[in-house]
Amino acid sequence: MIDARSGESIRRAEQPLLDEGQGDALMHRAARGLTRECEAQLRAGSGALGGTRAVVLVGPGNNGGDGLWAGAFLRRGGVAVVAVLTGSRAHEAGLEAFRRAGGVVTRLVEDAVRGHGPGAAGEQGGAARDAAGASPGNGAGSDGPATDGTGAATHGAGAGGHGSRRTGDRTATADSPAEAVAAAEPVDVAGAAELLWAADLVVDAVLGTGASGGLRGPVADLVREFEERRGRDARAGQRRPRVVACDIVSGVSADTGQSPGPVLTADATVTFGSAKTGHVVSPGEQATGALTVVSIGIEDLLGPAAVHRVEHRDVLEAWPRPTATDTKYSRGVLGVVAGAPSYPGAAIMCTQAAVNAGAGMVRFLGDAAARAMVLTRSPEVVCSDDQPWDVHVQAWLAGPGVVGDESQAARVQAVIEAAEPAVLDAGALDAAARSVADARLGPHKVLTPHAGELSQIFDWLHGFGLCEAGVERTEIEANPLHWAREAARLTGATVLLKGATTVIASPVASAPGHRAEYAAAAPSEPRPDREQGGGADPAASSSTAHREASPSTPDECLCLSVGGASAWLATAGSGDTLAGILGTVLAHVAEHLDALAGLGPWACGDGRWAAAAALGAGLHALASRAHGEGPVPPSVLAENVRAVLTRP
Ligand SMILES: NC(=O)C1=CN([C@@H]2O[C@H](COP(=O)(O)OP(=O)(O)OC[C@H]3O[C@@H](n4cnc5c(N)ncnc54)[C@H](O)[C@@H]3O)[C@@H](O)[C@H]2O)[C@@H](O)CC1
Ligand SMILES: Nc1ncnc2c1ncn2[C@@H]1O[C@H](COP(=O)(O)OP(=O)(O)O)[C@@H](O)[C@H]1O
């Protein structure tokens with residue numbers, strides 16, 4: 001399990017230590033951790049540190065300070081290191097240490113031809129080129145005082161922000177040793193790109209948790225150019241420098257994972273004290289690479305997590321396995337309403353997945369043709385043309401392939417209104433969204449949209465006046481965590497938003513006794529919650545559940561994320577398989593309130609619906625890679641599910 005927090009939460013934790021004057025110690029521990037990863041990356045490529053070359057991209061704040069200290073440590077280890085300062089300020093003590101260690105300092109300037117104010121013309125990056133063994137590429141050019149490559153002067157907290165709070169006057173500013181920055185060798189974007197390209201390692205220490213918005217100015221151009229070249233050369237099979245990000249990839253929001261501008265995709269990220277939200281949700285996660293969390297001494301002071309990352313090993317440990325005394329009913333019976341004449345395959349795929357995920361029993365409701373197909377693939381499924389209210393199940397799955405068929409649509413509606421927990425997927429999503437006009441769904445109903453389906457859900461919610469505007473699919477893809485939370489808040493349901501990273505948001509307390517970091521406005525008109533059943537245990541329909549899901553406490557939201565799925569899952573039918581797996585876990589936890597307690601206290605009671613959703617998404621991800629990386633059509637995926645759960 002990885003607990004991820006916002007930048008603000010980290011600042012709150014470190015503040016008492018800064019007040020005690022421990023800022024330097026924190027930075028040194030961070031820089032040591034960063035250095036270890038850099039050395040490992042260099043050794044992996046070259047075997048030894050001697051003779052290797054690194055370039056550190058240095059921003060104006062403490063993130064840049066970490067980078068400069070790490071650069072100094074690397075230099076002492078025999079690495080040739082060039083720092084490229086991207087702002088008009090740089091961390092003073094870090095810069096001094098870097099120089100003392102023999103590092104070469106350059107500063108990024110606008111395009112040399114266009115120039116920027118008065119300044120001496122001359123060849124750029126001479127010493128840097130010598131140190132890095134590269135040609136700056138574009139020869140002579142004029143330059144002026146260091147341009148603020150990152151736009152720091154006009155954006156963010158400025159010199160009085162977190163940087164100066166943390167380390168007092170150690171950050172060089174315009175009226176402190178800015179000469180140190182101005183004296184550095186100028187290098188323009190093309191020249192810096194050459195330096196980066198010639199290096200074995202690039203350290204991204206431009207922006208960390210103090211960033212506001214994405215990269216701008218010359219450093220954004222530099223990153224764009226580097227990424228373009230990386231893409232071209234990767235296709236040509238050429239070597240490329242490894243990239244290590246300090247704390248978080250610059251331009252990714254630590255709080256949301258959004259990346260509004262270009263980013264330098266990292267092979268590895270070294271973060272400090274705690275993972276940040278931006279590491280574990282899209283699109284930030286896709287730029288993060290392998291994440292290492294380094295202890296720096298603030299760990300005991302950390303507040304509750306904003307997002308829990310459920311890892312694959314958590315899934316395997318927490319997956320509910322039968323005990324010696326279990327029966328098929330105590331395992332959980334899953335009722336399935338899926339498939340229609342135009343989409344019969346969905347019924348086959350989701351029932352097969354549920355069977356392979358270990359459901360106590362799967363009951364399928366549908367017409368004769370669909371039943372025949374389901375039985376051909378999975379003879380263990382109990383099929384009938386009953387209505388949902390006629391059968392006794394622990395949980396429902398409704399929606400896969402339910403399009404244009406009135407009798408299945410009526411069953412879907414009955415499932416939405418039923419007291420039992422349910423996975424509401426695909427064809428059930430619109431009906432679920434429409435039903436919110438009358439009553440909130442409750443966290444025991446798990447909606448499973450992809451970004452396009454969630455956009456449609458917001459259209460319905462907007463139509464009912466429950467939110468101010470619709471939300472485009474692209475907006476959801478840019479900030480999935482936020483929109484999943486919004487959807488959970490507005491519908492009262494647990495929302496599993498699909499994508500390269502799956503995020504799950506549920507309108508229940510994220511940590512018993514704590515409020516979640518997320519605060520949202522209450523919907524204008526509180527709506528009643530739908531009654532929640534949950535089978536034999538009356539506690540499953542506790543009034544607490546309703547209170548927690550009610551609009552009176554809208555700032556409580558449990559957020560989870562699951563990653564590690566193969567991109568080969570981007571194929572029709574993957575979602576049907578996921579739905580079957582999810583239904584299986586839901587049927588089990590329906591009557592076992594604490595079945596997933598091993599994941600954490602948040603996974604008990606009403607938190608178990610989100611926890612179950614995360615387990616299902618995690619098993620799906622594991623199954624996608626069970627036999628390596630390659631195509632996983634749903635029939636193979638369902639087989640893989642069984643293989644992943646099978647212990648030798
Ligand atoms: N959390 C901790 O306890 C520790 C944090 N450390 C480092 O300190 C970092 C945070 O330092 P800071 O608070 O100085 O913040 P940053 O280094 O992330 O950013 C500093 C400055 O950059 C400018 N800026 C912000 N957004 C910008 C943008 N979009 N474009 C251009 N310039 C922008 C602002 O002037 C801001 O003050 C962390 O990410 C981490 O690397 C470490 O030193 C160890 C201790
Ligand atoms: N690029 C990707 N990387 C990892 N997982 C992905 C990727 N694209 C899709 N997925 C996963 O594949 C599944 C696709 O579901 P969905 O879009 O509903 O498919 P369908 O309805 O066609 O079965 C989801 O679980 C989603 O998270």
Side-chain angles (χ1 to χ4, degrees), residues 1-15 162 207-212 247-249 252-259 269 271-288 291 293-296 298-311 314 443 476 478-489 494-497 499 501-521 548-549 553-563 599-604 606-607 609-611 613-614 617-618:
M1 186 76 57
I2 299 175
D3 284 347
R5 297 173 172 81
S6 68
E8 177 54 31
S9 164
I10 303 297
R11 278 192 286 281
R12 274 200 302 273
E14 70 180 355
Q15 196 56 50
H162 323 303
L207 293 173
T209 52
S212 60
D247 206 10
I248 188 153
V249 170
V252 170
S253 161
D255 301 347
T256 64
Q258 284 171 286
S259 56
T269 294
T271 194
F272 314 120
S274 166
K276 315 295 181 296
T277 300
H279 295 134
V280 296
V281 300
S282 291
E285 173 163 24
Q286 280 65 47
T288 297
L291 181 68
V293 183
V294 172
S295 297
I296 56 168
I298 63 169
E299 293 69 24
D300 291 344
L301 302 168
L302 293 167
V307 179
H308 302 283
R309 157 51 60 95
V310 177
E311 296 187 278
D314 303 318
I476 294 169
N479 194 356
L481 177 65
H482 171 77
W483 293 114
R485 282 166 159 164
E486 279 298 283
R489 179 175 76 80
T494 294
V495 175
L496 178 152
L497 177 55
T501 299
T502 299
V503 294
I504 296 148
S506 184
V508 304
S510 72
H514 284 288
R515 295 207 144 193
E517 286 188 4
Y518 173 69
E548 284 175 352
T553 57
D555 53 353
E556 304 220 321
C557 191
L558 171 63
C559 293
L560 312 175
S561 86
V562 179
L599 292 172
W602 51 266
C604 299
D606 269 341
W609 311 116

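All values reported here derive from a predicted model rather than from experimental measurement.
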Is there side-chain contact between Glu14 and Leu301, with at least one heavy-atom pair below 4.5 Å? no
How close do Leu302 and Ala13 get, counting heavy atoms only, and between which atoms? CD2-CB, 3.9 Å
Heavy atoms, side chains only, cut-off 4.5 Å: are Ile298 and Ile10 in contact? yes
Between Ala275 and Leu291, what is the shortest heavy-atom contact and its length? CB-CD2, 4.0 Å
Taking Cys557's backbone N and O only, do any of them form a donor-acceptor pair with Arg485's side chain (distance below 3.5 Å, no angle check)? no
Pairwise distance OG(Ser506) to CG(Leu496) - rounded to 0.5 angstrom: 11.0 Å
Ignoring hydrogens and geometry, is there a side-chain-to-backbone donor-acceptor pair from Thr269 to Thr288 under 3.5 Å? yes
If you measure from the Lys or Arg side-chain nitrogens to the Asp or Glu carboxylate oxygens, is any gap between Asp247 and Lys276 under 4.0 Å? yes
Can any side-chain N or O of Thr494 pair as donor or acceptor with the backbone N or O of Trp609 at less than 3.5 Å? no
Are the side chains of Arg5 and Arg12 in contact, using a 4.5 Å heavy-atom criterion? no
Is the closest side-chain donor-acceptor distance between Ser274 and Glu299 under 3.5 Å? no
Could you tell me if the side chain of Val294 sits less than 4.5 Å from the side chain of Thr271, heavy atoms only? no
Between Trp602 and Ala611, the two heavy atoms sitting closest are CZ3-CB, 3.9 Å
Any Pro480 side-chain heavy atom under 4.5 Å of Thr501 side chain: no
Donor-acceptor contact present, side-chain Asp255 to main-chain Gly7, <3.5 Å: yes
Compare every heavy atom of Ser561 with every heavy atom of Val281, then report the nearest pair and how far apart it is. CG1-CB, 4.3 Å
Applying side chain to side chain donor-acceptor pair (under 3.5 Å) to Thr256 and not counting sequence neighbours gives Ser253, Gln258
Side chains of His308 and Leu558 in contact at under 4.5 Å (non-hydrogen atoms): yes
Test your reading of the model: is there a side-chain donor-acceptor pair from Asn479 to the backbone of Ile476, 3.5 Å cut-off? no
Which atom pair, heavy atoms only, marks the closest approach of Thr209 to Ala254? CG2-CB, 4.1 Å
Where do Ala614 and Leu560 come nearest, in terms of heavy atoms and distance? CB-CD1, 3.8 Å
Partners meeting side chain to side chain contact (heavy atoms under 4.5 Å, CB included) with Ala488 (sequence neighbours left out): Val495, Ala505, Pro507
